[in-house]
Amino acid sequence: MSPLLQKSLRRLSPLRPWFRDVSADSLRDDALAGLTNAAIVLPQGVAFAIIAGLPPEYGLFTAIVVCAVAAVWGASMVMVSGPTTAISAVVFTTLSQFAPAGTEEFVALALVLTLMVGALQLLAGLAGMGGLIAFVSHSVVIGFTAAAALLIATSQLSGALGLTIAGGGGAFARFERVVAHSAEANLSAVVVSLVTLATILLVVRIDKRIPAYILALFTGSLAAWLLGGDASDLKFFQPLASVVPAVAVPDLSLSIMGELFPGAVAVAFVGLLEAISIGKSFALRRGERYDSNQEIVGQGLSNMAGSFLQSYAGSGSFTRSGLNAESGARTPMAALFAAAMLLAGLFLVAPLVRFVPVAAMASIILYVAFKLVNIAEIRHIVTTSRSETLILLATFLTGVLSELDFAILVGVLVSLAVFINKSARPSIGVGAPMEKDGRRVFRNVFTYNLTECPQIANLRIEGPLFFGSVEHVDEKFREIEDHFGRKRGTVLNLKGVGKIDLTGADFIITECRTARRRGQDYHLIASHKSARDALRRLHVFEAVGADHVHFTKSDAIRHAVDNVDDEICRNCTARIFHECAGKPGPRVQEPAHDEPRTPGEAPFNAR
């Protein structure tokens with residue numbers, strides 16, 4: 001059996017490693033955490049289903065099925081999966097172009113979409129593609145969720161104001177319609193919305209562990225009853241169609257799947273970004289190991305199972321996961337308890353749904369949308385990085401002006417473009433020695449205003465030397481040559497080069513041969529085994545000469561100094577290397593010992 005197949009079978013096995021961590025004490029703590037989680041997800045599940053354009057029970061079923069399956073096969077000990085705001089918004093924008101929200105056709109498409117999302121995620125997990133998520137900037141998620149929040153908020157304004165207007169369109173179109181009909185707002189609905197929102201804000205300020213959404217729905221419903229209920233033209237939710245998810249096979253028509261494929265990719269990608277970022281965050285905080293590929297497998301299996309049990313696509317929920325951890329959860333059993341308690345609770349609350357006013361739920365969703373916008377993180381990105389700001393703006397503006405699923409694609413493409421651009425522009429430095437605590441250290445000539453050797457150029461590349469970066473490196477080398485002039489010898493430090501491909505090796509060979517045709521000396525510094533193996537495999541050793549490829553700066557400089565012009569040394573007043581002591585000319589001070597560059601210390605860089 002191949003290693004890949006063995007690894008895949010281990011990822012799919014229902015016998016999970018975390019089972020051995022379950023004990024009587026952990027079960028007690030997990031049960032209490034599960035009860036708290038079940039309480040908070042009751043109104044959340046309904047709200048998220050409404051955002052997705054689905055009947056309320058679909059959000060609750062998602063919070064049961066997806067939560068349970070992802071808990072067993074996922075990689076996080078405390079992350080709780082289920083319906084999320086961002087995915088709900090993408091589901092709605094993806095399906096609303098094919099069918100009206102809430103209709104049977106819309107629901108059927110949602111189940112097909114969920115199955116496709118799960119299959120894509122499962123394949124990605126088994127293929128070991130978890131590491132690729134790290135190449136997508138976090139700014140994509142921040143910009144996308146901000147755009148989703150704006151779309152969600154504008155879609156709920158009509159419900160909060162008691163208006164009956166057409167849906168569909170982008171955030172600006174929805175807001176424009178609300179403004180145009182604002183004079184028709186129902187005062188009773190506005191009061192219910194304000195009472196609901198005020199309750200949330202007050203309860204959250206008192207203690208975040210209190211189920212604010214449930215209390216807010218209660219006060220909102222009480223306000224609606226005091227205002228006269230139906231007599232005040234207030235709208236209420238219809239009773240839940242069922243409290244137990246029914247088994248149904250999605251309609252796997254090839255034509256339908258072809259139309260839904262772009263949306264499925266977007267939903268799958270958003271779900272993985274959410275789940276992995278949340279899972280990694282909590283694993284790091286708790287000092288636990290985390291397997292991104294196992295998490296992807298868990299998310300894929302949970303969505304595939306959900307598509308057969310009246311659930312739509314879900315992912316990790318930061319709110320529920322945070323509450324789970326704060327409530328003392330120790331193993332994924334907490335999520336299983338939450339799913340079981342929510343299922344039991346549905347039998348109690350299902351008859352009460354018809355008393356919940358639409359305005360109250362709309363107010364809760366508006367609050368959720370507001371909380372989606374991470375103001376602090378946006379401010380941090382804008383004030384610290386122009387490239388990350390570009391990614392953020394590109395994703396956000398595309399989501400607002402176009403479609404949310406297209407915003408993800410644009411954000412990922414811009415993110416990868418920024419990554420490639422940075423990789424293609426390694427730092428090129430000119431260094432010289434200076435004294436520090438009795439040791440010789442090399443620093444940037446320009447930054448520290450150091451004297452350079454008139455005969456030896458001491459250069460360093462910090463970054464990959466590959467086909468995409470060679471042009472930039474060549475341009476910087478020519479700029480340095482124009483500034484300092486051609487010198488008798490060159491020492492090129494490759495310690496900071498993480499990758500060298502054939503084009504990079506050819507560049508070094510060309511530089512060496514050009515220098516030697518001019519009668520100049522050429523030396524390389526390469527200490528890492530991987531770099532030396534690459535240089536040997538790509539024939540750089542052969543072209544430069546094995547005796548001209550050194551492990552240390554001292555060795556390279558000593559050989560370079562041996563080949564300089566003694567007549568120039570005789571009149572040189574710089575004499576910056578302690579190796580100059582053996583050359584004719586003024587005596588130099590007893591040299592300091594070399595100091596290796598400390599990990600994390602910035603090397604000398606180009607101007």
Side-chain angles (χ1 to χ4, degrees), residues 41 44-70 73 81-125 167 238 240-272 274-275 296-317 339 342-343 346 403-405:
V41 80
Q44 270 192 349
V46 174
F48 293 157
I50 293 170
I51 293 173
L54 293 164
E57 59 267 23
Y58 279 77
L60 298 172
F61 296 158
T62 303
I64 295 171
V65 179
V66 171
C67 174
V69 177
W73 276 275
S81 296
T84 70
T85 321
I87 288 183
S88 299
V90 180
V91 168
F92 174 75
T93 55
T94 299
L95 301 180
S96 58
Q97 56 187 314
F98 300 110
T103 61
E104 291 185 6
E105 183 182 0
F106 188 96
V107 171
L109 291 175
L111 298 180
V112 176
L113 180 71
T114 302
L115 180 60
M116 294 175 64
V117 167
L120 290 171
Q121 292 176 333
L122 179 61
L123 290 175
Q238 297 296 317
L240 297 182
S242 62
V243 294
V244 177
V247 178
V249 179
D251 180 12
L252 301 181
S253 166
L254 290 178
S255 59
I256 293 176
M257 293 173 66
E259 291 179 332
L260 295 181
F261 184 76
V265 172
V267 174
F269 191 77
V270 173
L272 295 185
E274 286 187 320
I296 297 176
V297 169
Q299 294 296 320
L301 289 174
S302 67
N303 284 317
M304 291 183 71
S307 68
F308 292 93
L309 293 167
Q310 291 184 288
S311 305
Y312 72 98
S315 182
S317 167
L342 175 59
L343 180 60
L346 287 183
E403 299 291 342
L404 279 178
D405 50 358

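It should be emphasised that the depicted structure is a prediction, and the values quoted were computed from it without experimental measurement. For this chain, numbers begin at 1 and follow the sequence in order.
With rounding to the nearest 0.5 angstrom, the OG1 atom of T114 is 10.5 Å from the CG atom of L109. Between T94 atom OG1 and L260 atom CG the span is 8.0 Å, to the nearest 0.5 Å. Atom-to-atom distance recorded for I256:CD1 and E105:CD is 8.0 Å, nearest 0.5 angstrom. Annotation: the span from T84 atom OG1 to F48 atom CZ amounts to 7.0 Å, rounded to 0.5 Å. From F92, atom CZ reaches atom CD of Q97 across 11.0 Å, with rounding to the nearest 0.5 Å. To the nearest 0.5 Å, atom CD of residue E259 and atom CG of residue L113 are 12.5 Å apart.
In terms of heavy atoms, P56 sits closest to V46 at CB-CG1, 3.8 Å. Pairing each heavy atom of L120 with each of A268, the nearest pair is CB-CB, 4.3 Å. Contact detail for A119 and M304: the closest heavy-atom pair is N-CG, 3.6 Å. In plain terms, the two heavy atoms of S255 and S253 that are nearest each other are OG-OG, 2.9 Å. Taking both residues in full, the closest heavy atoms of P55 and A49 are given as O-CB, 3.5 Å, listed atom of the first, atom of the second, then distance. Nearest heavy atoms, G271 versus I87: CA-CD1, 3.6 Å.
A donor-acceptor contact closer than 3.5 angstrom links the side chains of S81 and Q299.
The main-chain N or O of A52 is never found under 3.5 Å from a side-chain atom of S88 such that the two would form a donor-acceptor pair. No donor-acceptor distance shorter than 3.5 angstrom exists from the side chain of S302 to the backbone of V69, with no hydrogens or angles considered. In this structure, the side chain of S311 does not engage the main chain of S307 through any donor-acceptor pair within 3.5 Å. Between the side chain of N303 and the backbone N or O of V66, no donor-acceptor pair lies under 3.5 Å.
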*Would you check, one step at a time, whether the test side-chain contact (heavy atoms from CB on, under 4.5 Å) holds for Y58 with L111?*
CA-CA 10 Å; Y58 279 77; L111 298 180; 4.3 Å; yes
*Can E57 and Q310 be said to form a side-chain contact (heavy atoms from CB on, under 4.5 Å), step by step?*
CA-CA 9 Å; E57 59 267 23; Q310 291 184 288; 5.7 Å; no
*Please lay out, stage by stage, how F106 and L54 fare under the test side-chain contact (heavy atoms from CB on, under 4.5 Å).*
CA-CA 8 Å; F106 188 96; L54 293 164; 3.8 Å; yes
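Under the 4.5 Å side-chain criterion, counting only non-hydrogen atoms from C-beta, L346 is in contact with I64. Residues V91 and I51 form no side-chain contact, since every pair of their non-hydrogen atoms from C-beta on lies 4.5 Å or further apart. Contact annotation: the side chain of V117 never approaches that of Y312 to less than 4.5 Å [non-hydrogen atoms, C-beta and beyond]. Side-chain atoms of S315 and V270, non-hydrogen and from C-beta on, never get closer than 4.5 Å to each other. Side chains of L252 and L115 form a contact here, defined as non-hydrogen atoms less than 4.5 Å apart.
Other residues, nucleotides and ligands contribute over 12 non-hydrogen atoms within 6.0 Å of the CZ atom of F98.
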